[in-house]
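Residue numbers start from 1 in every chain, and the chains themselves are labelled A, B, ... in the order their sequence lines are given, proteins ahead of strands.
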Number of protein chains: 2
Amino acid sequence: MGTGRGAGRGVVMVDVARTVGVSQKTVSRVINGAPHVRPEIRARVLAAIEELGYRPNVAARALVMQRTHVIGVLAVATSLFGPASRVFSLEHAARQRGYELALASLPEVSPDELRRAIHGLLARGVEGIVFEVPNHLIEVDDALLGGVPVATSVGQIPHVARQAVIDSSQAEGGRLATQHLLDLGHQTVWHLAGPPEWDAARERCEGWASTLAKAGRQRPPVLYGDWSARSGYQLGRQLAERDDATAVFAANDHQAMGLMCALAEAGRSIPGDVSVVGFDDVPEAEFQMVPLTTIRTDEAIISHAVLSTLVALIEGREPALEQVEVHRELVVRRSSGPPRPTPSGPP
Amino acid sequence: MGTGRGAGRGVVMVDVARTVGVSQKTVSRVINGAPHVRPEIRARVLAAIEELGYRPNVAARALVMQRTHVIGVLAVATSLFGPASRVFSLEHAARQRGYELALASLPEVSPDELRRAIHGLLARGVEGIVFEVPNHLIEVDDALLGGVPVATSVGQIPHVARQAVIDSSQAEGGRLATQHLLDLGHQTVWHLAGPPEWDAARERCEGWASTLAKAGRQRPPVLYGDWSARSGYQLGRQLAERDDATAVFAANDHQAMGLMCALAEAGRSIPGDVSVVGFDDVPEAEFQMVPLTTIRTDEAIISHAVLSTLVALIEGREPALEQVEVHRELVVRRSSGPPRPTPSGPP
DNA sequence: TTGTGAGGAGCGAAGACCACT
DNA sequence: TAGTGGTCTTCGCTCCTCACA
């Protein structure tokens with residue numbers, strides 16, 4: 001049963017036309033700002049629209065225009081700060097450009113789930129898809145996508161013709177963090193990486209590795225987490241046992257928090273015994289019990305760039321930019337400091 | 001000129017019908033699982049659909065069915081953990097019921113922005129709206145909503161006929177937290193509340209106040225924050241100066257983190273000098289340098305309840321439940337403990 | 001001519017109704 | 001008379017064509 005009608009309880013364009021005494025086409029012109037309508041008629045039409053509470057029917061418009069103005073977003077791990085905030089800034093960017101988002105957040109990260117989700121998005125008539133998933137998962141091709149363009153900031157997707165890849169140069173952040181710790185006088189820097197399937201994790205790791213290499217420092221083994229505070233804690237327990245680790249760069253703030261928790265538990269002081277640098281500058285990083293030194297990124301810029309290029313592809317233009325200048329900034333707080341002067345002997 | 005078409009590059013139902021050699025109507029029947037189609041024909045139609053890569057046109061379907069199956073979500077403060085995770089679980093709940101979400105996240109919280117956002121959602125043809133905003137903002141009425149039903153877990157909305165309010169009994173969490181601290185032996189409990197405009201903040205505060213009252217304890221003044229770690233820190237600096245505050249219940253984990261930061265900065269130990277209890281159990285609460293005692297809630301249940309009732313309203317049924325049994329659990333970690341024995345000597 | 005408006009076709013799918021077995 | 005399946009119309013809107021100032 002149910003009324004089920006989304007808006008305007010059956011008031012349609014022709015009703016507006018009739019109350020004003022013009023043709024339906026004229027009302028259409030007014031709504032779409034088309035020319036050839038006298039100002040006086042325009043005003044009367046607008047008044048009638050207001051009075052009747054008329055709202056255009058999106059479905060009818062989409063049908064005839066062959067456009068839905070819907071962009072799909074495929075996201076995983078939306079419980080994490082980064083992915084979640086990216087979805088919201090994508091939504092914001094989309095709305096600014098006259099599009100809306102269709103969200104598909106994957107509960108599990110499997111190629112099969114991904115295919116299903118893509119099917120779902122296409123069924124909803126999306127005109128483009130943004131991938132916010134680790135790109136090892138993305139086993140897609142043009143056949144599956146039905147020619148719909150895609151965009152991502154997580155790295156190139158194979159076998160897809162119409163795609164825009166935004167290189168957000170995450171490595172730069174890794175360099176900043178690592179160099180900061182070296183500048184403080186640490187011999188070398190350990191790294192709690194994110195999952196290597198994530199492009200962002202690989203790039204941050206690469207920035208770390210290259211900085212160490214350039215400084216001619218020895219590179220400790222990479223410890224891989226999964227972005228969670230828990231994984232940071234678990235890896236941190238290993239690190240806490242060895243006293244040659246005086247500086248650690250964690251791939252995100254939550255892993256850094258877990259690390260600090262493990263260090264505190266082991267009785268190691270921050271930054272006295274171990275300096276910690278995170279990545280993201282989540283709002284609460286500043287207010288940890290030891291305020292966290294971290295890398296701040298303007299994620300909104302990346303989202304806007306991703307959306308711009310995708311919209312360009314959708315509208316048949318060549319995407320303007322593929323490299324976006326992202327402002328990355330080191331925010332120094334209390335979790336990083338110079339190493340303790342080494343006495344000649346270990347404890 | 002872009003192609004702009006969302007799916008299936010122009011393959012429409014008639015094409016499927018022609019390749020099989022049946023009428024368009026028969027294909028429609030197969031797709032919608034309608035009766036009166038021989039299994040053999042059904043199989044051939046399905047095969048043709050697969051082969052041609054046919055995808056139903058959502059706009060056309062929506063037009064003729066007078067249904068969009070879109071539910072709007074109006075959210076603010078999506079940078080916070082709570083609102084963000086609620087949006088995602090709403091999305092999940094909606095998808096399970098065959099609906100999709102249209103998201104409108106408000107950058108600023110003003111009644112004017114809210115009206116604009118509602119207009120936007122209605123223009124997108126939403127069949128119902130979920131409010132995830134502090135309810136003091138919600139100045140709406142049926143005229144503005146055009147008769148679209150609403151649902152919320154943030155409290156009753158005045159002047160709206162078709163609405164479902166889910167009472168998630170947040171007060172219970174406040175009681176659990178406060179009682180826990182009293183049970184540990186604290187004389188009384190301070191409260192860092194959330195912004196009083198939020199129903200959730202008021203309820204948690206009420207749970208705290210009533211527990212103190214029932215125990216016959218003196219009630220310290222309420223300190224109001226804004227959910228952020230920063231506000232927790234600022235209020236915490238005030239609290240850190242007075243040594244009669246031995247136990248604090250913060251309205252969410254992030255305020256609790258800020259509080260712990262301020263306490264640590266002031267040299268007060270946790271839980272030795274001050275016990276802290278949060279609310280939400282964000283994933284990193286367990287891995288703070290002093291792991292945070294907090295209240296865990298199954299937010300997903302609330303979201304599902306909100307969506308169920310809204311869908312019931314949309315489909316013209318009477319909503320089944322308005323009160324939902326939410327599992328709230330005290331998670332005891334290291335940030336709470338017994339008070340230090342007072343030097344003057346207890347009785 | 002140059003605005004300014006009306007009328008009609010059709011987008012893709014589903015429902016009412018009819019025509020065969 | 002059931003079960004099948006086809007035909008025609010309709011949803012609300014935009015574009016095209018054409019009529020009138």
Side-chain angles (χ1 to χ4, degrees), chain A residues 1 3-45 48-49 52-69 122-125 127 146, chain B residues 1 3-45 48-49 52-69 122-125 127 146:
Chain A
M1 297 292 141
T3 70
R5 35 194 61 206
R9 313 129 308 183
V11 181
V12 299
M13 204 182 266
V14 76
D15 298 325
V16 177
R18 253 196 288 270
T19 62
V20 180
V22 296
S23 79
Q24 186 220 41
K25 177 64 215 180
T26 302
V27 178
S28 169
R29 284 204 181 101
V30 170
I31 289 173
N32 297 300
H36 307 313
V37 180
R38 250 178 302 165
E40 182 242 330
I41 298 246
R42 179 182 304 273
R44 277 169 54 203
V45 167
I49 287 175
L52 297 176
Y54 166 74
R55 253 183 271 283
N57 181 313
V58 271
R61 176 182 247 138
L63 177 58
V64 70
M65 302 290 285
Q66 301 282 45
R67 296 290 314 271
T68 61
H69 285 271
L122 292 175
R124 284 145 83 179
E127 300 181 343
Chain B
M1 301 298 134
T3 68
R5 34 196 60 211
R9 312 129 309 184
V11 182
V12 298
M13 209 182 260
V14 184
D15 300 325
V16 177
R18 254 198 286 273
T19 62
V20 180
V22 295
S23 78
Q24 181 231 44
K25 184 66 226 189
T26 302
V27 178
S28 168
R29 286 203 179 100
V30 170
I31 289 174
N32 296 300
H36 309 311
V37 180
R38 253 176 302 164
E40 182 240 329
I41 299 243
R42 178 182 304 273
R44 278 169 52 203
V45 167
I49 287 174
L52 297 176
Y54 166 74
R55 253 183 270 283
N57 181 312
V58 272
R61 178 181 244 139
L63 177 59
V64 71
M65 303 287 287
Q66 300 282 45
R67 296 290 314 270
T68 61
H69 285 272
L122 292 174
R124 284 143 85 179
E127 300 181 342

Taking only residues two or more places apart in sequence, or in another chain, which ones meet [X] in a side chain to side chain contact (heavy atoms under 4.5 Å, CB included)?
X     : result
A:R44 : A:V20, A:E40
A:V58 : none
A:V30 : A:V37, A:R42, A:V45, A:L46
B:A62 : A:A59

Which whole-number value in Å describes the distance from [X] [atom1] to [N] [atom2]?
X     : N      : atom1 : atom2 : value
B:R38 : C:dC20 : CZ    : P     : 17 Å
B:N57 : D:dG12 : CG    : P     : 16 Å
B:H36 : D:dT4  : NE2   : P     : 8 Å

[X] has a side chain; which of [options] sits nearest to it?
X     : options               : value
A:I41 : C:dG5, C:dA13, D:dG5  : C:dG5
A:S23 : D:dC11, C:dA6, C:dG5  : C:dA6
B:L63 : C:dA13, D:dG5, D:dC11 : D:dC11
A:M13 : C:dA13, C:dG5, D:dT14 : D:dT14
A:V12 : C:dA6, C:dA13, D:dG12 : D:dG12

> side-chain hydrogen bond (donor to acceptor under 3.5 Å, both in side chains) with A:R29: which residues, sequence neighbours excluded?
Replying inline: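 For A:R29, no residue satisfies side-chain hydrogen bond (donor to acceptor under 3.5 Å, both in side chains) once neighbours in sequence are set aside.
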
> Quick one: salt bridge (charged side-chain N to carboxylate O under 4.0 Å, His left out) partners of A:R61, sequence neighbours excluded?
Replying inline: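 Checked A:R61 against salt bridge (charged side-chain N to carboxylate O under 4.0 Å, His left out); zero matches.
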
> Does A:T68 use its side chain to pair, donor to acceptor, with the backbone of A:G125 at less than 3.5 Å?
Replying inline: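 Checking the backbone N and O of A:G125 against the side chain of A:T68, a donor-acceptor pair under 3.5 Å is found.
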
>> Protein within reach of the bases, or only the backbone? For nucleotides 15-21 of chain D, mark each nucleotide 5' to 3' as B, S or -, using heavy atoms under 4.0 Å.
In response: BB-----

> In degrees, rounded to 10°, what is the bend between the two ends of the helix from C:dT2-D:dA21 to C:dT21-D:dA2, using five pairs at each?
Replying inline: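 Its terminal axes enclose an angle near 40°.
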
